[in-house]
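A short write-up of the structure that comes next.
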Amino acid sequence: MLKIKEWLRSDPKLFTLFTALALLALAAGQTAANLPAPALAPSLSAAAASWVDRTLAGLTLEKKIAQLVCSDVAGGYIADDDPRLARWLALARDHGLGMFVLYGGTPRDVARLLNRLQRAAAVPLLVSADFEGGPGQQVTGASEYPANMAFAAARSEDLMYRAAAAAAVEGRAMGVHLTYTPVVDIAWRPDNPAESVRSFGGDLALLGRMVRAYVRGYHDNGMLTTAKHFPGRGDVADMPGNPGWAWIDKPVRDVERQEFRAFKHAIDAGVDFVMTEHIAVPSAAGGSELPASVEKRLVDGWLKGRLGFRGIVTSDDLWYDHVVARFGAEEVAVKAFEAGHDVILKPKDPAAAIAALAAAVRSGRIPESRVDEAARKMLALKARLGLHEGAAARFVDETAVGAFVGTAAHRAIVQEVADRSLTVLKNDGGLVPLAAGDSARIVNVSVQKAADDPGPALLAAKLAAAFPGTPSFALRPGMDPEYYGTVLRAAGEADVVVLSLFVPRNRMGDAAPFREGDLAFIRKLVAARPRAVVAMSYGNPQLVRKIPEVAAFLVGYGERGWFGNQAVYFDSFVKALKGELKPGGRLPVRVSKEYPIGAGL
């Protein structure tokens with residue numbers, strides 16, 4: 001031991017690193033003993049099973065059905081006399097609603113609201129949220145990750161596990177028990193960008209490994225998971241003659257080995273919920289053009305039958321206008337339950353949906369045994385979460401939220417995901433890192449699809465700080481075409497031109513939707529400076545197909561908003577330019593023959 005100490009002290013940098021690692025390990029050990037929730041129980045104890053039996057026996061038909069209905073709540077500050085709060089409390093207290101789905105807010109406001117709702121409910125509530133980009137996708141101040149494709153690009157199950165574990169810790173600290181993730185929709189065809197970076201990509205084996213790590217990270221830290229969007233939204237198309245509706249238009253054998261295989265991976269990984277989507281698959285449903293949200297052959301026949309899912313099946317939102325117009329606000333809830341769903345998500349009027357389902361049971365249309373089966377599954381999950389064990393398990397400590405949510409350790413994981421997933425698809429002449437380093441004369445040109453996108457301005461500030469004197473130009477919708485000339489002249493005086501691409505895909509449309517004027521300008525720029533242009537795409541690997549002549553092309557996997565942390569890649573890109581980061585990401589989706597799955601320098 002003495003020799004080790006002497007060796008460490010002989011190298012100050014090594015000693016500092018060792019000390020830091022030791023402190024991190026100690027902190028992790030101290031935190032582990034005081035996490036917001038224990039690991040998800042693998043099965044019911046005798047006491048938990050007894051609680052499920054007693055609770056189910058004590059519920060009326062309407063209250064059993066109410067356990068299976070989920071309504072939305074907003075997590076921001078809300079006044080005591082706000083009518084929304086009164087409605088939410090009434091749903092929990094008077095109607096016995098079993099679930100809520102959370103949107104927005106800040107960590108402490110969320111914790112306070114969810115505690116209030118729990119106090120109003122006779123049976124513990126199961127609170128859900130969509131953590132597709134991590135808790136920070138919903139809750140300001142919580143950790144927000146890049147999209148799924150980033151984890152697949154990093155190809156690290158350990159990183160996926162740690163990110164999921166951190167997200168679950170934050171969720172439980174705020175009072176959230178279920179995430180409506182992971183997305184397991186596949187991305188098969190470059191010309192169908194339906195889900196883009198939301199998907200883990202097109203490699204089913206890699207998707208399976210990521211999903212297993214994802215589910216394990218959440219379960220080990222006390223949260224439930226959901227695979228979505230069954231039957232699969234990665235290769236959908238608009239349904240001819242049926243505006244607003246989508247379908248999978250290919251033979252059932254292809255659907256089974258592609259879309260359904262992805263969901264089988266999730267089922268085998270132990271997901272607790274599967275969310276269906278308003279998507280039809282005629283080849284798998286006897287020619288039916290009904291969406292999975294109401295099609296029994298897809299839910300009972302395929303998902304619960306052939307794929308063997310034994311957990312809870314939830315619909316996607318049922319309050320969409322086109323869904324209500326086609327099936328009726330209350331009738332769609334009944335049809336969804338008949339099709340095999342256990343949970344009715346966001347009906348237009350939760351109380352009316354409960355009444356409609358109760359009427360369907362009393363008329364003989366739905367067997368009460370089917371309601372009992374679904375309610376039992378719901379109560380069993382609440383018991384596995386420990387919510388039946390008293391106030392300490394049911395309520396969260398509002399004073400401790402700051403110790404677990406958006407911490408430095410979790411922010412470091414967010415940055416690690418971006419750093420390890422950053423992918424170099426092309427780097428002619430070793431343009432990146434920049435040979436001149438900090439002294440390089442750079443001009444930054446952002447191409448932004450949306451006029452109000454805040455990303456380009458944030459990136460411009462980062463680049464100006466890293467490379468003093470760097471000017472930035474933004475190509476926006478509707479700008480004066482004369483501006484292209486101004487930008488081109490400035491670019492001609494630079495050592496390096498950074499082309500920052502904020503051009504997300506058009507869902508079920510153009511995978512690389514450059515405006516014609518912008519694309520013509522880019523090609524003119526590249527022709528004028530063939531060895532000086534570095535393109536960085538923030539969230540869309542398909543863009544390289546339209547600008548193949550660019551000298552260097554990098555991609556990160558965040559589209560912003562609902563589809564992954566984009567801004568975290570600004571620091572990763574700057575580090576790559578400076579030579580402080582050697583990108584090692586590998587493309588998880590096929591772009592072209594030149595850039596197949598696994599591409600990356």
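These numbers come from the heavy atoms of this one structure, side chains and all, not from hydrogens, waters or symmetry mates.
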Exercise for the section: May I ask you to decide whether Lys449 forms a salt bridge with Asp453, counting only side-chain N to carboxylate O separations under 4.0 Å? Expected result: no
Practice task
Can you measure from CD (Glu144) to CD (Glu170) and round to the nearest 0.5 angstrom?
Solution key: 11.5 Å
Handout entry: Aromatic ring pairing Phe521/Tyr484, orientation class (parallel under 30°, perpendicular over 60°, tilted between)
Key = parallel
Practice task
For the residue pair Gln448 and Ser500, confirm or rule out a side-chain donor-acceptor distance under 3.5 Å.
Solution key: no
Problem - Note: Asp158-Arg162 ion pair, threshold 4.0 Å (strictly below) - result: yes
Exercise for the section: For the pair Glu132 and Lys228, find out whether any cationic side-chain nitrogen is under 4.0 Å from an anionic carboxylate oxygen. Expected result: yes
Problem - Lys/Arg-Asp/Glu bridge criterion (N-O < 4.0 Å) met for Lys426, Glu549 - result: no
Practice task
Classify the angle between the aromatic ring planes of Phe260 and Phe230 as parallel (below 30°), tilted (30 to 60°) or perpendicular (above 60°).
Solution key: parallel
Practice task
May I ask you to check whether over 12 heavy atoms, not counting those of Asp480, lie within 6.0 Å of atom CG?
Solution key: yes
Exercise for the section: Would you check if the side chain of Thr181 reaches a backbone N or O of Val183 as a donor-acceptor pair within less than 3.5 Å? Expected result: no
Exercise for the section: Just jot down the side-chain hydrogen bond (donor to acceptor under 3.5 Å, both in side chains) partners of Lys346, sequence neighbours excluded, or say none. Expected result: Tyr103, Asp317
Exercise for the section: State plainly whether the residues Arg198 and Asp185 are in salt-bridge range, i.e. N to O under 4.0 Å. Expected result: no
Practice task
Kindly write out the residues that satisfy side-chain hydrogen bond (donor to acceptor under 3.5 Å, both in side chains) with Lys578, not counting sequence neighbours, or none if the list is empty.
Solution key: none
Problem - Minimum heavy-atom distance Ala494-Ile442, with the two atoms named - result: CB-C, 4.3 Å
Exercise for the section: Could you tell me whether Arg545 and Asp191 make a salt bridge, using a distance below 4.0 angstrom between a side-chain N and a carboxylate O? Expected result: yes
Practice task
Hey, can you tell me if Phe502 and Phe570 have their rings parallel, tilted or perpendicular (30° and 60° cut-offs)?
Solution key: perpendicular
Exercise for the section: Report yes if some heavy atom in the side chain of Val176 is under 4.5 Å from a heavy atom in the side chain of Leu102; otherwise report no. Expected result: yes
Problem - Donor-acceptor pair between Tyr569 and Ser421 side chains, under 3.5 angstrom - result: yes
Handout entry: Donor-acceptor under 3.5 Å (Arg505 side chain, Ala194 main chain)
Key = yes
Handout entry: Exceeds 12 heavy-atom contacts within 6.0 angstrom, atom CZ of Arg531
Key = no
Handout entry: Expected output: side-chain Tyr145 to main-chain Gly564 donor-acceptor under 3.5 Å
Key = no
